[in-house]
Amino acid sequence: MKKIKLMNKISKAGIDVFDTEKYEVSSETENPDAIMVRSASLHETEFSENLLAIARAGAGYNNIPVDKCSEAGIVVFNTPGANANAVKELAVAAIMLASRDIAGGIEWAKTIPDSENVAKAVEAGKSKFAGQEIMGKTLGVIGLGAVGGLVANTAVSLGMNVVGCDPFLSVDAAWRLSRAVTKAASYDEIYAASDYITIHAPSTPETRGMINKETISKMRDGVRIINLARADLVNAADMTAALESGKVAVYVTDFPTNEIIGVRGVVAIPHLGASTEESEVNCAVMAARQLVEYIELGNIKNSVNFPNVTLPHTGDYRLCVLHKNIPAMLSGISSVISSRNINIETMTNRSRGEYAYTIVEIKGELPDECVGAIREIDGVLRVNVIK
């Protein structure tokens with residue numbers, strides 16, 4: 001029986017994916033074969049040698065030591081797109097919050113004395129919270145993936161002019177975009193053209209601090225910026241200065257920090273992007289299914305550190321080899337197998353950066369000695385055998 005350790009509260013719909021006759025699923029289990037996690041940090045966690053995979057029920061994976069996992073042959077999964085609609089809906093709300101001082105007006109309304117003159121006080125005070133409409137305004141979308149693409153399309157339907165930029169836009173994502181979305185060649189085009197800018201990019205060494213004093217200076221005066229992606233994409237000190245000068249009119253973020261809490265012009269949302277019942281269910285089910293597919297068949301889908309590889313299981317044994325992406329690896333694996341007069345029915349290999357994954361379908365017996373010999377090949381990280 002395989003052990004699945006839960007590092008956070010996971011939706012029951014996700015837990016129910018696991019067959020109780022095959023899996024033990026618990027937050028208390030020791031030496032797990034796989035881990036399911038949401039927000040808990042695993043950077044200080046010691047992983048057992050039998051840990052095969054970690055599934056993050058969500059798109060981001062900064063709480064997982066991916067490099068450490070890669071070197072140990074531990075496959076890390078995420079669930080891109082499972083919470084996209086939830087984040088898109090919050091992004092639409094954020095655009096409205098950036099346009100009109102709804103948050104400030106609500107807080108002010110709480111201070112009106114409970115008397116016969118409430119209606120009169122409302123009429124007298126509402127002008128302080130006047131805003132602007134979004135129809136006809138230009139929205140710049142940085143990142144046109146699962147979330148950014150949905151936001152762009154929705155903004156078009158709301159009457160906005162939309163310009164988007166994504167250097168890594170996939171063909172599938174491009175097909176899903178409305179024809180009305182103008183494709184920008186660079187982020188600078190976004191900065192120059194937009195009344196509103198919404199960020200939907202991952203946190204990487206290249207994107208951290210991408211919204212800073214220099215890039216803000218390229219934007220229109222009074223620009224409204226929305227960040228539901230990651231706190232560190234925006235330089236907090238530079239954003240505060242831009243808000244104080246009026247260069248940025250409003251900053252709406254799903255990531256409150258010490259630097260921005262209480263700053264005039266900031267609308268801080270308590271990380272609600274994926275906090276819907278539907279999103280939690282979708283992410284949990286997707287993560288669980290990916291773990292089952294990998295544990296039982298060795299197939300990889302939506303890994304963040306190893307390539308996606310899927311192959312029908314038609315042999316008697318399946319040899320799953322996680323290894324470095326180096327020359328002569330395939331010939332080395334093949335020679336170990338063929339030298340023992342073992343028949344390879346089919347074989348597939350994919351690489352992703354420094355790492356690669358090979359699946360070999362074996363017809364007939366697969367001696368332990370052969371598996372051990374493959375494990376000894378220089379560059380092999382882990383070998384899993386599925387019958």
Side-chain angles (χ1 to χ4, degrees), residues 59 81 83-103 130-170 173-202 207 210-212 215-231 233-235 238-239 242-243 246-255 265-269 272-274:
N83 60 12
N85 187 69
V87 180
K88 176 210 74 175
E89 291 185 1
L90 188 65
V92 173
I95 292 171
M96 301 305 179
L97 290 169
S99 301
R100 307 171 75 169
D101 192 6
I102 299 168
Q132 65 180 31
E133 297 181 15
I134 65 171
M135 181 173 284
K137 304 298 192 303
T138 297
L139 173 68
V141 183
I142 294 177
L144 293 166
V147 176
L150 289 176
V151 173
N153 291 346
T154 303
V156 167
S157 71
L158 291 172
M160 301 189 80
N161 303 312
V162 181
V163 56
C165 182
D166 191 332
F168 308 102
L169 184 66
S170 69
W175 274 107
R176 291 192 292 266
L177 278 178
S178 166
R179 292 182 180 179
V181 177
T182 301
K183 317 307 188 296
S186 68
Y187 295 144
D188 283 354
E189 288 187 33
I190 297 280
Y191 302 147
S194 303
D195 301 300
Y196 297 74
I197 295 173
T198 182
I199 310 164
H200 302 284
T207 61
M210 66 183 299
I211 304 301
N212 54 49
T215 56
I216 291 172
S217 71
K218 300 175 182 179
M219 299 176 189
R220 293 181 176 181
D221 291 345
V223 66
R224 296 158 196 259
I225 299 176
I226 297 150
N227 175 20
L228 307 185
R230 283 291 179 268
L233 300 179
V234 175
N235 182 297
D238 292 350
M239 176 58 70
L243 287 163
K247 178 69 177 180
V248 175
V250 181
Y251 176 49
V252 184
T253 180
D254 205 21
F255 300 93
V266 170
V267 179
I269 304 169
L272 299 181

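Contact annotation: the side chain of D254 approaches that of L272 to within less than 4.5 Å [non-hydrogen atoms, C-beta and beyond]. Between V248 and M239, the closest side-chain pair of non-hydrogen atoms falls below 4.5 Å. Side-chain contact between I211 and Y191: present, with at least one pair of heavy atoms (C-beta onward) separated by less than 4.5 Å. For the pair I142/H200, no side-chain contact is recorded, criterion being any heavy-atom separation below 4.5 Å from C-beta on. The shortest distance between side-chain heavy atoms of Q132 and K137 falls below 4.5 Å.
With rounding to the nearest 0.5 angstrom, the CD1 atom of I197 is 4.0 Å from the CE atom of M219. For the atom pair CG (L169) and NZ (K183), the distance works out to 8.0 Å, reported to the nearest 0.5 Å. Separation of atoms CG (L228) and CD1 (I269) is listed at 6.0 Å; rounding is to 0.5 Å. In this structure, CD1 on I95 lies 5.0 Å from CG on L139, to the nearest 0.5 angstrom. Note that CG of L97 and CD1 of I102 are 5.0 Å apart. Values are rounded to the nearest 0.5 Å. Here OG1 of T207 is found 9.5 Å from CD1 of I199. Values are rounded to the nearest 0.5 Å.
Residue A274 comes nearest to A86 through the heavy atom pair CA-CB, 4.2 Å, listed as atom of the first residue, atom of the second, then distance. In terms of heavy atoms, G164 sits closest to L144 at C-CD1, 3.8 Å. The two atoms that bring A249 and G222 nearest to each other are CB-O, 3.5 Å, heavy atoms only. Across all non-hydrogen atoms, the minimal contact from A184 to V163 is CB-CG2, 3.7 Å. Across all their heavy atoms, A229 and L233 have their closest contact at CB-CD1, 3.6 Å. Among all heavy-atom pairs drawn from C165 and S186, the shortest one is SG-C, 3.7 Å.
Judged by distance alone, with hydrogens and angles left aside, the side-chain atoms of S99 form no donor-acceptor pair with the main-chain N or O of I134 at under 3.5 Å. No donor-acceptor pair closer than 3.5 Å links the side chain of N227 to the backbone N or O of F255. Under the 3.5 Å distance criterion, the side-chain polar atoms of S170 are matched with a main-chain donor or acceptor of A173.
For R220, the side chain to side chain contact (heavy atoms under 4.5 Å, CB included) partners at least two apart in sequence or on another chain are D195. Here D166 pairs with nothing under the salt bridge (charged side-chain N to carboxylate O under 4.0 Å, His left out) rule; sequence neighbours left out.
Just one residue in the list T182, N161, I190 forms a side chain to side chain contact (heavy atoms under 4.5 Å, CB included) with T138, and that residue is N161.
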